Amino acid sequence: MKTQLIKKDIYWTGVIDWSVRNFHGHTYTTGRGTTYNSYLILDERIALVDTVYGPFASELIENIRAVCDPARIDYIIANHVETDHSGALPAVLKLCPKAKVVGTQKCREGLYKHYYCDMDFQVVKTGDTINLGKKTLTFIEAPMIHWPDSMFTYCPEEKLLMPNDAFGQHYADAKRFDDEVPEGILMDEAVKYYANILWPLGALILKKIEELRKMDLYIDMIAPSHGIIWRRDPGKIVNAYVSWAKQETIPRVVVVYETMWGATERMARLMVKGLMDAGVDAGLFDVNRADRTEIVKEMLGAKAFMFGSSTHDNDMLPNIAGFLEALKGLKPKNRMACAFGSFGWGGGAVSNIENIIAGSGIEISQPAFACKYMPDKEETVRCYEFGRAFGEKVLSG
Ligand code: FEO
């Protein structure tokens, strides 16, 4: 399969990256790989919507050639500068002498700063259109969803929205459509993608969805730039984005810890028992054994977090420190949190965890609990009660 018809005269010409396991540097673990989606629209004038990651340029060109001679392309729509979508652009442009690149002003600037090559570039703004003949392309700027240059492309005749990164998933599969893959896996990848990439942008996402709704666009297919295309019920992923962007949560506590010799782990396990006995849902993750991308996904819908660490050099251990730094950038709202951990003499981990929690704008809902070396009989009970009391607060909060 080189290409796939997704709408009348519109072909998926993207590539499947089955093997990628780390994305955005090493900030995102892509356990199921990803795809770089590109769409070729045949009309009186021909448009290619987005290219792919540079190492796959020749595969994209082969896919385009399976549909038409690249020299016939009139427009290359660049919805987004990031290299996973524009990396193949310079190679494609060499084969498309008459092609105009279309994007936002920020896209023009960003592409120049990536590739330093001359392009015949047409800057577009929200509401601008390009007439291809029977089909039209309408552009909608989407700054900071998730880069300043980001843009959505809409084809009204086909009721097709191509929003680039928005509504995507890192999910490599031979199938292209949501009704062809297991729904549970698809939604799991969609929520992971949102949590790890878009979580801090909720306010902008809500505004953009409201703007789309006011534009009265009729959409029966959403074709993002990563993963599976939504055609069964595109409203489902839009509504899920609204819920995630509003930071809606359930009474669930995600406990994340790092332990040196097992004392903090023992505390964490006792606290989770307390949480469960309080009747609150809970999940426990050792930051050194669980995948960070998965933990962040688990946290998106959770009302509360507990962070634990052994003390080392009067501070928390380095991997929970790195995790909390990354969490700060996700800017969680309306959450509760508390800290716990073990120490040998000077202490320091729990107070530093509390400082990071407070600096992240998360409410510290219960003073930290620290335990010298291994919990004794009385401290064992206190660990359990600490979890139980926090669970009760979460349920009543
Ligand atoms: Fe898939 Fe922001 O690039």
Side-chain angles (χ1 to χ4, degrees), residues 12-39 48-57 59-60 63 76-92 101-115 139-153 161-173 176 186 189-202 204-205 208 222-230 237 241 244-245 293 296-297 326 329-331:
W12 175 82
T13 46
V15 300
I16 304 172
D17 190 347
W18 298 96
S19 306
V20 64
R21 289 294 178 268
N22 290 295
F23 207 80
H24 279 159
H26 278 245
T27 64
Y28 194 123
T29 308
T30 43
R32 289 194 173 89
T34 194
T35 73
Y36 312 108
N37 296 338
S38 167
Y39 303 99
L48 180 72
V49 179
D50 291 318
T51 69
V52 301
Y53 186 33
F56 294 93
E59 196 173 324
L60 168 66
N63 293 351
I76 300 178
I77 313 303
N79 278 319
H80 183 25
V81 166
E82 197 164 6
T83 193
D84 51 330
H85 307 294
S86 71
L89 182 59
V92 173
V101 180
V102 179
T104 62
Q105 176 60 28
K106 289 283 183 199
C107 179
R108 179 187 206 160
E109 294 162 16
L111 287 177
Y112 181 75
K113 285 296 292 172
H114 275 71
Y115 305 112
F139 305 105
I140 301 152
E141 293 164 279
M144 295 318 297
I145 307 175
H146 69 130
W147 277 24
D149 50 86
S150 298
M151 179 176 91
F152 298 173
T153 297
L161 183 69
M162 291 166 283
N164 195 264
D165 278 332
F167 310 116
Q169 337 86 42
H170 289 308
Y171 183 5
D173 198 282
R176 298 272 59 80
L186 176 61
E189 291 300 335
V191 67
K192 192 191 300 176
Y193 183 99
Y194 184 94
N196 283 274
I197 300 175
L198 300 170
W199 190 343
L201 309 172
L204 289 170
I205 287 166
K208 187 55 57 183
I222 296 177
S225 59
H226 293 292
I228 301 297
I229 297 169
W230 307 91
I237 188 63
Y241 264 52
W244 299 331
T293 307
V296 169
K297 178 198 78 181
L330 295 174
K331 302 185 177 69

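Quick caveat, the model's predicted, so the values are computed rather than measured. Counting convention: from 1, in listed order, for ligands and their atoms alike.
Classified by interplanar angle (parallel below 30°, tilted 30° to 60°, perpendicular above 60°), the ring pair His80/Trp147 is perpendicular. Ring geometry for His226 versus Phe23: interplanar angle over 60°, hence perpendicular rather than tilted (30 to 60°). Ring geometry, Tyr28 versus His170: the interplanar angle exceeds 60°, so the pair is classed perpendicular (tilted spans 30 to 60°).
At least one N/O/S atom of His146, from backbone or side chain, sits under 2.8 Å from atom 2 (Fe) of ligand 1. Distance check for His80 against atom 1 (Fe) of ligand 1: none of its N/O/S atoms falls below 2.8 Å. Taking 2.8 Å as the criterion, Asp84 counts as a coordinating residue of atom 1 (Fe) of ligand 1, since one of its N, O or S atoms falls below it.
Nearest heavy atoms, Ser86 versus Val81: OG-O, 2.5 Å. Of all non-hydrogen atoms in Thr27 and His24, the two that sit nearest each other are OG1-O, 2.8 Å.
The name of the N, O or S atom in Glu82 nearest to atom 2 (Fe) of ligand 1 is OE1. Nearest N, O or S atom of Asp165 to atom 2 (Fe) of ligand 1: atom OD2.
Rounded to 10°, the angle that NE2 of His226 and NE2 of His85 form at atom 1 (Fe) of ligand 1 is 90°.
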